[in-house]
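Every chain is numbered from 1 and lettered A, B, ... according to where its sequence line falls, protein lines coming before strand lines.
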Number of protein chains: 2
Amino acid sequence: MDRRHTEKNEEASAQERPTLKTLAFMTGLGVTTVSRALKDAPEIGAETRRRVQLVAKQIGYRPNRAGVRLRTGKTNVISLVLNTDREIMSFVSDIIYGVSEVIADTPYHLIVTPYSRSQDPLDPIRYLVETGSADGVIISRTQPNDARARYMLEHGIPFATHGRTDMGLVHPYHDFDNHAFAVEAVRRLASMGRRKLALLTPPVGLTYYGHTVNGFADALSEVGASEIPFSTVSIDHSIEQIRTRTAQLMRRDIRPDGFVSSAAAATLALVAGIEDAGLKLGHDVDIVSKQSSDLLHLFRPELLIVNENFRLAGSELARSVLGWIGGAAPGSLQSLSVPGEVLAYQRADD
Amino acid sequence: MDRRHTEKNEEASAQERPTLKTLAFMTGLGVTTVSRALKDAPEIGAETRRRVQLVAKQIGYRPNRAGVRLRTGKTNVISLVLNTDREIMSFVSDIIYGVSEVIADTPYHLIVTPYSRSQDPLDPIRYLVETGSADGVIISRTQPNDARARYMLEHGIPFATHGRTDMGLVHPYHDFDNHAFAVEAVRRLASMGRRKLALLTPPVGLTYYGHTVNGFADALSEVGASEIPFSTVSIDHSIEQIRTRTAQLMRRDIRPDGFVSSAAAATLALVAGIEDAGLKLGHDVDIVSKQSSDLLHLFRPELLIVNENFRLAGSELARSVLGWIGGAAPGSLQSLSVPGEVLAYQRADD
DNA sequence: TTGGCAATCTGTAACGTTTCAGTATATTGA
DNA sequence: TCAATATACTGAAACGTTACAGATTGCCAA
């Protein structure tokens with residue numbers, strides 16, 4: 001089955017994939033010249049360059065990734081690092097699609113590097129860095145003091161975080177303005193006369209937990225509403241847990257008349273818990289919820305909804321990483337999307 | 001910044017990533033011997049083998065992927081080919097997680113190869129085959145006569161399909177038994193006294209469209225119920241379209257009193273359309289729906305639900321591809337998950 | 001004693017690419 | 001005219017790995 005005894009490349013019939021050697025033979029040039037002609041090196045004659053590129057296009061030459069990678073260390077790979085048991089569903093596919101959109105016209109491939117509950121989140125990052133498996137990395141579930149970001153900064157590998165850090169270190173990120181979300185949500189509830197508000201928070205420990213909580217608190221004092229503590233669960237908890245805790249909360253004497261929820265799936269559980277307690281959405285209580293896929297309004301029309309675009313996040317993150325790889329200043333590759341309108345902070349390369 | 005003038009590898013201080021040459025120097029053996037010792041070749045002495053493997057473990061040697069790939073052509077990559085605009089959300093992440101689980105203990109990386117509406121679905125497959133970018137491929141949205149499967153079979157690259165084909169060609173697949181699903185769904189509705197049933201179908205053209213439609217028809221005649229045609233939309237249509245069409249259908253004189261729905265998101269739209277027409281779920285009409293994430297029962301407790309486990313699908317698909325790569329017979333790498341057996345058929349009301 | 005053979009180990013070449021250090025030819029300045 | 005220089009090209013080496021074709025040693029049978 002292995003009939004590669006075809007007297008070297010130059011006499012091979014036709015079927016093998018063309019290499020620089022093939023091109024060199026066809027054009028009568030040396031491989032060095034061909035290699036340079038293809039990347040528009042200055043010391044190659046204009047006509048030669050055109051000729052080589054024409055032939056390359058004609059026979060469908062594509063550089064061998066392994067060859068390039070071995071020689072130069074460039075992998076042409078972006079790695080998306082995902083928590084396999086915690087990341088919310090639709091989340092992931094949207095981010096992947098967003099990233100894909102951006103790298104579609106580049107030589108980059110997207111590899112998904114998973115890690116599970118049982119592992120140190122730093123493990124997959126170490127692996128990528130130590131084995132040089134990617135030119136750039138995208139991480140999510142970012143923390144204020146994020147060991148992964150610090151590690152990658154120390155090791156000089158370009159990356160972007162979904163969510164900001166707070167370590168005094170500068171790196172590319174994309175984030176949704178959860179402070180603004182919480183503020184708007186509280187204002188909206190207040191404008192409907194709701195005065196006792198509860199917050200279903202993001203996972204404790206992630207940076208946007210703080211943003212959300214602060215926005216919530218800021219807006220509470222602004223509108224003069226009060227908080228009903230609801231810190232026994234976060235959107236990371238199971239549907240059942242959220243539902244149960246919500247029902248318990250709603251059966252108390254002092255219960256919220258308004259909720260702010262940081263995730264769509266959690267909102268489903270929230271509503272279920274409320275109704276378990278015999279209360280009615282839109283009457284006894286209102287909810288402002290974030291969502292990423294456009295389905296929540298079908299669930300209960302009374303829900304007040306703010307959209308977060310994860311596909312955009314994926315695109316921005318990919319653009320940032322590619323920008324950093326391309327030599328742009330990391331500080332110029334940060335963006336924030338604001339609920340309602342998407343406001344991208346400047347790009348460096350203009 | 002490039003100080004690799006360190007007199008070859010053997011005298012390098014410590015920091016560069018270890019290679020076979022490093023190991024050879026440390027053990028006093030030749031690189032060939034080291035290479036063979038690491039892969040348990042028979043012509044290496046037992047003690048030498050142990051010694052080499054010990055040292056390799058100690059210094060954390062990991063084979064350079066580019067080196068292996070260049071020399072052998074083995075990429076250690078599995079590619080998951082996804083339609084960027086059509087694949088349902090949770091779908092994708094679950095499959096990715098399932099695949100990840102399986103390849104976690106292998107040297108394989110998972111790369112996601114997207115293609116969009118505008119492209120020929122064969123494009124990404126051609127790319128993968130022509131550039132030799134993967135050792136194995138996983139595709140979804142499988143059709144009865146699937147050009148991609150045929151192409152990969154012709155080109156001898158191992159793959160697995162999510163869903164079966166019907167071309168008389170044998171290849172690995174994993175599929176959910178949608179015929180059985182439709183049959184059970186109809187029986188269930190019939191047992192509740194429903195007699196005029198409609199089917200919200202999978203995308204026309206995909207293999208499981210046929211399976212579902214056939215199961216539906218078979219069961220209809222079995223239980224003596226009649227079909228109300230509802231072929232203007234499929235689960236590939238937008239939420240709005242499904243909702244509108246459903247409302248139209250439900251306002252007719254002759255309208256269904258039972259639905260079978262092939263996807264959770266579509267079911268949301270279905271229910272919305274039904275309620276738009278002023279009818280009540282569980283009273284005027286019942287619905288049996290598939291779901292992959294466990295959320296539908298929160299939406300309406302009256303919904304009758306069948307779970308499809310996409311994480312399992314991902315695992316099975318990965319196992320199949322790895323099996324084929326490993327030399328197993330493609331015909332032995334086919335699996336079907338049956339609703340009710342592998343998966344729980346849950347009653348919402350108990 | 002010698003030839004044969006099994007058991008271990010080794011050097012070289014090759015995969016496709018880029019970089020380094022050239023070479024050959026034409027062009028320029030004096 | 002000669003040397004200096006710019007222009008256009010080239011071979012060899014190297015990245016890390018594996019496969020091929022030996023090489024060395026010790027042991028045994030004849």
Side-chain angles (χ1 to χ4, degrees), chain A residues 1-10 12 16-52 56 59 61-76 107 130-133, chain B residues 2 4-10 12 16-52 56 59 61-76 107 130-133:
Chain A
M1 60 173 66
D2 193 57
R3 57 102 181 80
R4 68 187 46 172
H5 300 293
T6 31
E7 302 303 303
K8 301 276 176 193
N9 191 308
E10 313 179 4
E16 301 293 331
R17 192 170 153 213
T19 70
L20 288 182
K21 206 148 112 186
T22 318
L23 284 177
F25 178 69
M26 294 180 73
T27 57
L29 297 163
V31 287
T32 304
T33 309
V34 172
S35 172
R36 294 187 136 134
L38 288 177
K39 47 177 52 86
D40 290 316
E43 64 260 75
I44 302 297
E47 193 203 310
T48 304
R49 198 189 352 252
R50 261 180 289 123
R51 198 158 59 89
V52 170
I59 66 174
Y61 168 77
R62 292 169 183 272
N64 178 304
R65 309 192 117 232
V68 175
R69 180 164 170 179
L70 182 57
R71 178 65 234 246
T72 66
K74 178 129 217 271
T75 62
N76 283 308
E130 285 172 5
T131 62
S133 289
Chain B
D2 194 60
R4 69 185 49 172
H5 300 294
T6 33
E7 303 303 302
K8 301 276 180 194
N9 191 309
E10 310 177 7
E16 302 291 332
R17 191 170 155 214
T19 70
L20 289 182
K21 207 149 107 184
T22 318
L23 284 177
F25 178 70
M26 294 181 71
T27 56
L29 297 164
V31 287
T32 303
T33 309
V34 172
S35 171
R36 293 192 138 133
L38 288 177
K39 46 176 53 84
D40 290 317
E43 63 261 75
I44 303 296
E47 191 202 311
T48 304
R49 199 188 354 252
R50 261 181 287 123
R51 196 158 59 91
V52 170
I59 66 175
Y61 167 78
R62 292 169 182 273
N64 179 304
R65 310 191 118 233
V68 175
R69 178 163 170 178
L70 181 58
R71 178 64 234 247
T72 65
K74 179 131 219 268
T75 62
N76 284 309
E130 286 172 4
T131 63
S133 289

Check: [X] side chain, [Y] main-chain N or O, donor-acceptor pair, under 3.5 Å:
{"X": "B:Arg17", "Y": "B:Arg62", "result": "yes"}
{"X": "A:Arg65", "Y": "A:Pro107", "result": "yes"}
{"X": "A:Arg69", "Y": "A:Asn76", "result": "no"}

Could you check how far [atom1] of [X] sits from [atom2] of [N], rounded to whole Å?
{"X": "A:Glu43", "N": "D:dT5", "atom1": "CD", "atom2": "P", "answer": "19 Å"}
{"X": "B:Leu20", "N": "D:dT18", "atom1": "CG", "atom2": "C1'", "answer": "9 Å"}
{"X": "A:Arg69", "N": "D:dG16", "atom1": "CZ", "atom2": "P", "answer": "13 Å"}
{"X": "A:Lys74", "N": "C:dT19", "atom1": "NZ", "atom2": "P", "answer": "12 Å"}
{"X": "B:Ile44", "N": "C:dA6", "atom1": "CD1", "atom2": "P", "answer": "18 Å"}
{"X": "A:Arg71", "N": "C:dT18", "atom1": "CZ", "atom2": "P", "answer": "9 Å"}
{"X": "B:Leu23", "N": "D:dT18", "atom1": "CG", "atom2": "P", "answer": "12 Å"}
{"X": "A:Asn64", "N": "C:dT18", "atom1": "CG", "atom2": "P", "answer": "10 Å"}

When rounded to the nearest 0.5 Å, the distance separating CD1 of A:Ile44 from NZ of A:Lys39 is 11.0 Å
Classify [X] by what it touches in the nucleic acid, base, sugar-phosphate, or nothing, heavy-atom distance under 4.0 Å.
{"X": "B:Gly67", "value": "base"}
{"X": "A:Gly28", "value": "sugar-phosphate"}
{"X": "A:Thr32", "value": "base"}
{"X": "B:Thr33", "value": "base"}
{"X": "B:Arg36", "value": "base"}

Hey, is the side chain of A:Lys39 poking within less than 4.0 Å of OP1 or OP2 on C:dT18, counting only N and O atoms? yes
Establish, with yes or no, whether the OP1 or OP2 oxygen of C:dT17 is under 4.0 angstrom from a side-chain nitrogen or oxygen of A:Ser35. no
Would A:Thr27 and A:Thr33 count as a side chain to side chain contact (heavy atoms under 4.5 Å, CB included) if you check the C-alpha gap in whole Å, the side-chain angles of each, and the deciding distance to 0.1 Å? CA-CA 10 Å; A:Thr27 57; A:Thr33 309; over 6 Å; no
Walking DNA chain C from its 5' end, the first of B:Thr48 and A:Val31 to be reached, judged by nearest nucleotide, is B:Thr48
